[in-house]
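Written out below as structure tokens is the structure these notes cover.
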Amino acid sequence: RPLKRRKDMRTILTLLMITISSLVFCQNTQERITFPDTLWAKNDSFYVKATSWEKEWAFSTTKTDTIDLGTDGYKGIKVKVWTDTDTLDIPYVNSPNEQWIFIPIASIKDTTIYRLRFNPQYSIFTKNYIDQNLKNTTFQIPEVYELANIILYLTECSELTKNHPMDFEYSKRVNEHFRKFSNHPLIKILNSKCLNHHWTTYYGFRENSICFEFDEDDFLSYSTPYKHAWSDNSEIHGGEFRNLLYLVQDFVEKTDFRTFYKFNIDYYKNLERRQAELQPISKMWKWLEKEFPQKYDHYKVIFSPLIEGSHSTQKFYKGNFRNPIYQECIMFVNSSESLDSNIKYDEDLKVGLSSGIVFTEIDHNYVNPTSTENIKAIKNLITHKDKWATKEAQNNYSSEYAIFNEYMTHSLFCLYVEEHYSGIIKDQITKKRIQLMVRRGYPKFGEFNSIVLGELRNRKETIYTLYPELIDALKEIE
């Protein structure tokens, strides 16, 4: 079939880039566009290579409707697409959103559509940010994150997820100041979403709030280094928080939130200082990276006194995920205020118990990829999930992989405790961890933990190296 082609592909590419750039500055939606001409391949082949890839990919023009190959989007990344007659160099220009370009490629044999896909950016780290945070740990109660937690505290999500502390002076201050705004449209909308999707709504709204900060005019701005932290039902970058931003802004103004936050700023700063004392992350970080090949550049703890047991960890990076220039992990956890207020606990016990809150989030970043490498053995180990996890526990961790990781992350904390504490303190921390895991719905944890400690106590090799042998030893669990 004869094809009408332009002789100057550079002109086409220039027009294409102008089109994409215009869309980026005019809209916040994710863009998918079609290249305005067809590439011609005399030899029925075309090639693709991103600047971050070590090799090129070769494809044939076939009857396949669409060939899909992409890469992570970030500043400076380009993808080269070429045939024996035409060449395109296409940069990523739609930050932080995804960028899809459909490119028709034709030959005498057939016509193929190549979908060039740049994945969206979940974070954008500047050189200055990296220089300030490299190899550091930070503890924060960010203003907008606390705003999100206060909003959720007024919703049904708070009680449905059991994140509704009531016995502290701070929660009483929150109730006194904000409860009269429970009929605000934002609260009503979140309540309706919480009825059927309380966990997704809770985490999506809470975690994605870290993408926002207040500008000098007191308006919420999508300008932090983070662009997306949790995928919820909104299906947009920045999640439900960004989707409902106009109502969040109205809530801020109607409730005079910023005055409330400033009034409590000393309370927040004292909590941050105390959290850092009770959770020596650098020590845990060093121990884990001695045992596993994964390496991270920064750990950040973001927390709120309005969170109880709903914790999570998220990883963010700069560059390509296979070989990032910089990567950091954020642990979203509760405040240590409740534990710290227990007059029966001495300081060492408080540190040990509080360390468990973040350790069992941090070590997911090492355990999960190692479990992925051993997934077949894990599935052969956990052949009857109901024996390993209750139905309620499986609502949150349903696969063999996820169940095993819950066991392993908490058991490695017990190993860490054994190597850093002694006597009655060590025994108390371990006992409370076993009780916690059984209460959470993991009845085999005591037995699992005994085997792990027995296998690793006098190890001569790293945990990573011994992982296959460890899984094999766990087969004796009935």
[X] side, atom [atom1]; [Y] side, atom [atom2] - distance, nearest 0.5 Å:
X    : Y    : atom1 : atom2 : value
L88  : I101 : CG    : CD1   : 9.0 Å
S123 : K318 : OG    : NZ    : 10.0 Å
I189 : L247 : CD1   : CG    : 5.0 Å
L147 : Q249 : CG    : CD    : 9.5 Å
H410 : F445 : NE2   : CZ    : 7.0 Å
Q314 : C329 : CD    : SG    : 9.5 Å

Side chain proximity check, [X] to [Y], heavy atoms < 4.5 angstrom:
X    : Y    : result
V144 : S209 : yes
L381 : W388 : yes
V81  : L39  : yes

Nearest atoms (heavy-atom pairs only) where [X] meets [Y]:
X    : Y    : result
L152 : R206 : CD1-CB, 3.7 Å
Q121 : G73  : CG-O, 2.8 Å
W40  : T83  : O-OG1, 2.7 Å
P96  : K227 : CB-CG, 3.6 Å
C211 : A229 : SG-N, 4.4 Å
N208 : G238 : CB-O, 3.2 Å

Donor-acceptor side-chain pairing of [X] and [Y] below 3.5 angstrom:
X    : Y    : answer
H197 : D232 : no
N133 : Y326 : no
N243 : S234 : no
N163 : S158 : no
T201 : E240 : no
E328 : Y129 : yes
E213 : S223 : yes
N128 : T126 : no
T138 : H298 : yes
D110 : T61  : no
Y401 : T372 : yes

Exercise. Quick one: salt bridge (charged side-chain N to carboxylate O under 4.0 Å, His left out) partners of D386, sequence neighbours excluded?
Worked result: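 Scan of D386 (salt bridge (charged side-chain N to carboxylate O under 4.0 Å, His left out), adjacent residues dropped) gives K391.
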
For this session: Mind checking salt bridge (charged side-chain N to carboxylate O under 4.0 Å, His left out) for K135 and listing every partner two or more places apart, or none if nothing turns up?
Result: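 Partners of K135 under the salt bridge (charged side-chain N to carboxylate O under 4.0 Å, His left out) test: D297.
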
Could you tell me whether [X] and [Y] have a side-chain N and a carboxylate O separated by less than 4.0 Å?
X    : Y    : value
D68  : R115 : yes
E143 : R258 : yes
K80  : E56  : no
R117 : E98  : no

For this session: Applying side-chain contact (heavy atoms from CB on, under 4.5 Å) between V79 and each of L69, T71, T51, report the one that passes.
Result: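 Only one option passes, and that is T71.
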
For this session: Could you check Q140, M331, E272, E146 and say which one makes a side-chain contact (heavy atoms from CB on, under 4.5 Å) with F303?
Result: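 Among the candidates, only E272 passes.
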
For this session: Please test H311 against F332 for ring-ring contact (aromatic ring centres under 6.0 Å, His included), starting from the C-alpha separation and ending with a verdict.
Result: CA-CA 5 Å; H311 305 159; F332 299 94; over 10 Å; no

For this session: Show your working on side chain to side chain contact (heavy atoms under 4.5 Å, CB included) between Y114 and F35 and close with a plain yes or no.
Result: CA-CA 10 Å; Y114 166 51; F35 185 70; over 6 Å; no

Not counting sequence neighbours, which residues clear side-chain hydrogen bond (donor to acceptor under 3.5 Å, both in side chains) with [X]? List them please.
X    : value
K109 : none
N320 : none
T155 : none

For this session: Dump the intermediate steps for side chain to side chain contact (heavy atoms under 4.5 Å, CB included) on I103 and I113, then the final yes or no.
Result: CA-CA 6 Å; I103 304 172; I113 300 296; over 6 Å; no

For this session: Assess whether atom NZ of K385 is packed by more than 12 heavy atoms of other residues, nucleotides or ligands within 6.0 Å.
Result: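 Yes, because the 6.0 Å sphere around NZ of K385 holds more than 12 heavy atoms from other groups.
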
Exercise. In this structure, are over 12 heavy atoms from other groups packed under 6.0 Å from Y464 atom OH?
Worked result: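 Result for OH/Y464: open.
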
Problem set entry | Under 3.5 Å: donor-acceptor pair, side chain of N43, backbone of S45 |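 Yes; judged by distance alone, with no hydrogens or angles, the pair exists.
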
Exercise. Do the side chain of T409 and the main chain of N405 share a donor and acceptor less than 3.5 angstrom apart?
Worked result: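 Such a contact is found between T409 side chain and N405 backbone.
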
For this session: Given side chain to side chain contact (heavy atoms under 4.5 Å, CB included), test I281 with V358 step by step and report yes or no.
Result: CA-CA 8 Å; I281 288 180; V358 289; 4.3 Å; yes

Quiz: residues 286-296 side-chain donor-acceptor pairs under 3.5 angstrom, not counting sequence neighbours:
residue, atom, partner, partner atom, Å
W287, NE1, E419, OE1, 2.9
E289, OE2, W285, NE1, 2.9
E289, OE2, Y296, N, 2.8
E289, OE2, Y366, OH, 2.9
E291, OE1, R459, NE, 3.4
E291, OE1, I463, N, 2.9
E291, OE2, R459, NE, 3.2
E291, OE2, R459, NH2, 2.7
K295, NZ, E289, O, 2.7
Y296, OH, N365, O, 3.2

For this session: Show the numbers, then the answer: is there a side chain to side chain contact (heavy atoms under 4.5 Å, CB included) between I403 and Y407?
Result: CA-CA 7 Å; I403 292 169; Y407 273 90; 3.9 Å; yes

Are the ring centres of [X] and [Y] closer than 6.0 Å?
X    : Y    : result
Y226 : F316 : yes
F118 : W100 : no
H237 : Y122 : yes
F241 : F212 : yes

Problem set entry | Pi-cation contact, W57 with K55 (under 6.0 Å, within 45°) |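 Yes, K55 lies over the aromatic ring of W57.
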
